[in-house]
Novice: 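Before I ask anything, let me first share the structure, which is written out below as C-alpha cells.
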There are 2 protein chains.
Amino acid sequence: MGDFRYNGKMYYNPVEFAMDRIGGTWKMPILWRLKDRVMRYSELQKDIPHISQKMLTTQLRELEDDGFVVRKVYAVVPPKTEYTITERGLRAIEVVKVIRNYGLELMDEMGINDK
Amino acid sequence: MGDFRYNGKMYYNPVEFAMDRIGGTWKMPILWRLKDRVMRYSELQKDIPHISQKMLTTQLRELEDDGFVVRKVYAVVPPKTEYTITERGLRAIEVVKVIRNYGLELMDEMGINDK
DNA sequence: CGGTATCCTCAATGATACTG
DNA sequence: CAGTATCATTGAGGATACCG
C-alpha cells in the first residue's frame with residue numbers, strides 16, 4: 001500500500017484514511033444519532049452533550065462533503081435545516097457498531113462501569 | 001450510557017473510549033505490525049514510515065499500559081527490547097481489520113488509488 | 001434558528017540534542 | 001540500541017460576539 005493524497009492531505013494507509021472520514025471526537029456520535037431519523041441542527045446540539053456550535057457545524061460540513069449526510073435547508077423564517085444520513089453513512093454505521101461493541105467489551109474487561 | 005472516567009479523563013461513550021485505546025495516528029500501524037511477529041524497537045521504527053522516536057516510544061508505552069503489547073528488555077550490550085502483542089492486542093486486530101477493509105472500500109468508492 | 005467570524009489556549013506532535 | 005530531555009510548532013478546539 002503506497003501513500004496517497006486526499007483533499008491536500010497525505011495518508012499512509014487505509015485505516016488512517018477511514019479514521020479521518022468518520023473518526024475524531026464527534027463524527028461517530030453525530031452519525032449514530034442520524035442513523036434512524038432525520039434531525040434538525042438544534043436537535044443534534046441538544047442531543048450531543050458538550051459539543052460546541054463550532055464543532056457541530058464543522059463536523060457536519062465535513063460529513064456532508066464526504067457524502068455521509070445530506071443537508072436540507074428550508075427557506076422559512078425562522079430557518080430550518082435538516083440532516084439526513086446517506087447510504088454511505090449507513091454503511092459507516094456498521095463500522096461504528098463494531099467499534100462501539102468493542103469499546104463496551106474493553107470497558108467490561110478493564111472493569112469500567114458508567115457511574 | 002452515562003459518562004465515566006479512565007486515567008483521569010472523561011469519556012462520554014464507548015466509541016470514544018475504544019478510540020483512545022487503539023486510535024490516533026500510530027497505534028493501529030504499530031499493532032498491525034506486531035500481529036504476526038515479535039519485533040524490536042528499531043525494527044518497528046524502520047518499518048513504520050514517518051514515525052518519530054518520541055511518538056514510537058509514547059505510543060508503545062500507552063499500548064503497554066493498556067495491555068495490548070508486552071515489552072521485554074534484555075540486559076545485554078547493546079540493549080535489546082522486544083515487543084509482543086497480547087491476547088487483548090490480537091482482539092483489537094479484529095477491529096483494525098474491519099476499519100482497514102472499510103477504508104479500502106471507501107477509497108475505492110471515492111476513486112482514490114495509491115500513487 | 002442556524003449558523004460565521006475572530007481571537008485565544010493548550011495538548012499533541014515534531015526537531016534536536018544527549019545518554020545508560 | 002533504545003531510549004530521555006528540552007524546546008519549538010501547530011492545529012484542534014473553546015469562548016465570545018455577531019448576522020441573515
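Every chain is numbered from 1, with letters handed out A, B, ... down the list of sequences. All of these numbers come straight from a predicted model, not from anything done at the bench. Note that these values count all heavy atoms, side chains included, but never hydrogens, waters or copies made by symmetry.
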Novice: Is there a side-chain contact between F68(A) and I30(A) in this structure, where contact means two heavy atoms from C-beta onward sitting under 4.5 Å apart?
Specialist: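 No; the side chains remain at least 4.5 Å from each other.
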Novice: Same cluster or not: L34(B) versus L56(B), using hydrophobic residues (I, L, V, M, F, W, Y) connected whenever any side-chain heavy atoms lie under 4.5 Å apart?
Specialist: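 Same cluster.
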Novice: Establish whether V73(B) and I85(B) are linked, either directly or via other cluster members, by ILVMFWY side-chain heavy-atom contacts under 4.5 Å.
Specialist: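 Not linked; separate clusters.
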Novice: Going 5' to 3' along DNA chain C, which nucleotides are the first and last within contact of chain A (any atom under 4.0 Å from a heavy atom)?
Specialist: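 The protein-touched segment is dC1(C) to dC7(C).
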Novice: Can you confirm whether E87(A) is buried at CD, in the sense that more than 12 heavy atoms of other residues, nucleotides or ligands lie under 6.0 Å from that atom?
Specialist: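 No, the 6.0 Å shell around CD holds no more than 12 heavy atoms from other groups.
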Novice: Considering just the side-chain nitrogens and oxygens of R40(B), establish if one lies under 4.0 Å of OP1 or OP2 belonging to dA2(D).
Specialist: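 Affirmative; the distance criterion is met.
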Novice: Return yes if a side-chain donor-acceptor contact under 3.5 Å exists between D3(B) and Y11(B), otherwise no.
Specialist: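 No, because no side-chain N or O of D3(B) sits under 3.5 Å from a partner of the opposite role on Y11(B).
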Novice: Need one value for T25(A): base, sugar-phosphate or nothing, where a base atom within 4.0 Å counts as base even if backbone is also close, heavy atoms only.
Specialist: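 Contact class for T25(A): sugar-phosphate only.
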Novice: For a quick test of reading the model, state the closest non-hydrogen atom pair linking F17(B) to G103(A) and the distance between them.
Specialist: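 Closest pair (atom of F17(B), atom of G103(A), distance): CD2-O, 4.2 Å.
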Novice: What's the spacing between Q59(B) CD and L44(B) CG if we round to 0.5 Å?
Specialist: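 Answer for the CD-CG pair, Q59(B) versus L44(B), is 12.5 Å.
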Novice: Is the phosphate of dG3(D), meaning OP1 or OP2, less than 4.0 Å from a side-chain N or O of Y83(B)?
Specialist: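 Affirmative; the distance criterion is met.
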Novice: Between C1' on dG11(D) and CG on N7(A), what's the gap in Å once rounded to a whole number?
Specialist: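 Rounding to the nearest Å, CG of N7(A) and C1' of dG11(D) are 17 Å apart.
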Novice: What is the distance, to the nearest angstrom, from the CZ atom on R61(A) to the P atom on dG13(D)?
Specialist: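 For the pair R61(A) CZ and dG13(D) P, the rounded distance is 17 Å.
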Novice: Nearest nucleotide by nearest heavy atom, which residue falls closer to the 5' end of DNA chain D, S42(B) or G24(A)?
Specialist: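 Taking each residue's closest nucleotide, the earlier one in sequence belongs to S42(B).
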Novice: Could you tell me how far apart K27(A) (NZ) and dA12(D) (C1') are, to the nearest whole angstrom?
Specialist: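 Atom NZ in K27(A) sits about 12 Å away from atom C1' in dA12(D).
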Novice: Rounded to whole angstroms, how far apart are CD on E16(B) and P on dG13(D)?
Specialist: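 Atom-to-atom, E16(B) to dG13(D), this comes out as 11 Å.
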Novice: Verify the cluster assignment for I48(A) and I93(A): are they in a single hydrophobic cluster under the rule of side-chain heavy atoms below 4.5 Å apart?
Specialist: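 Yes; tracing contacts between hydrophobic side chains, which count when under 4.5 Å, links both residues.
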Novice: Extract from the structure each pairing of a protein N or O with an N or O of nucleotides 14-17 of chain D at less than 3.5 Å, listing the distance.
Specialist:
unit_1, atom_1, unit_2, atom_2, d
dG14(D), OP2, S52(A), OG, 3.2
dG14(D), O6, K54(A), NZ, 2.2

Novice: Between P on dG13(D) and CE on M10(B), what's the gap in Å once rounded to a whole number?
Specialist: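 To the nearest whole Å, that distance equals 18 Å.
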Novice: Which part of the nucleic acid, if any, lies within contact of P78(B), taking any heavy atom under 4.0 Å across all strands shown: a base, the sugar-phosphate backbone alone, or nothing?
Specialist: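 Contact class for P78(B): sugar-phosphate only.
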Novice: Could you tell me whether the side chains of T25(A) and Y12(B) share a donor-acceptor contact shorter than 3.5 Å?
Specialist: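 Short answer, no.
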Novice: Expressed in angstrom and rounded to an integer, what is the separation of L56(B) atom CG from dT4(D) atom P?
Specialist: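 My rounded result for the distance is 11 Å.
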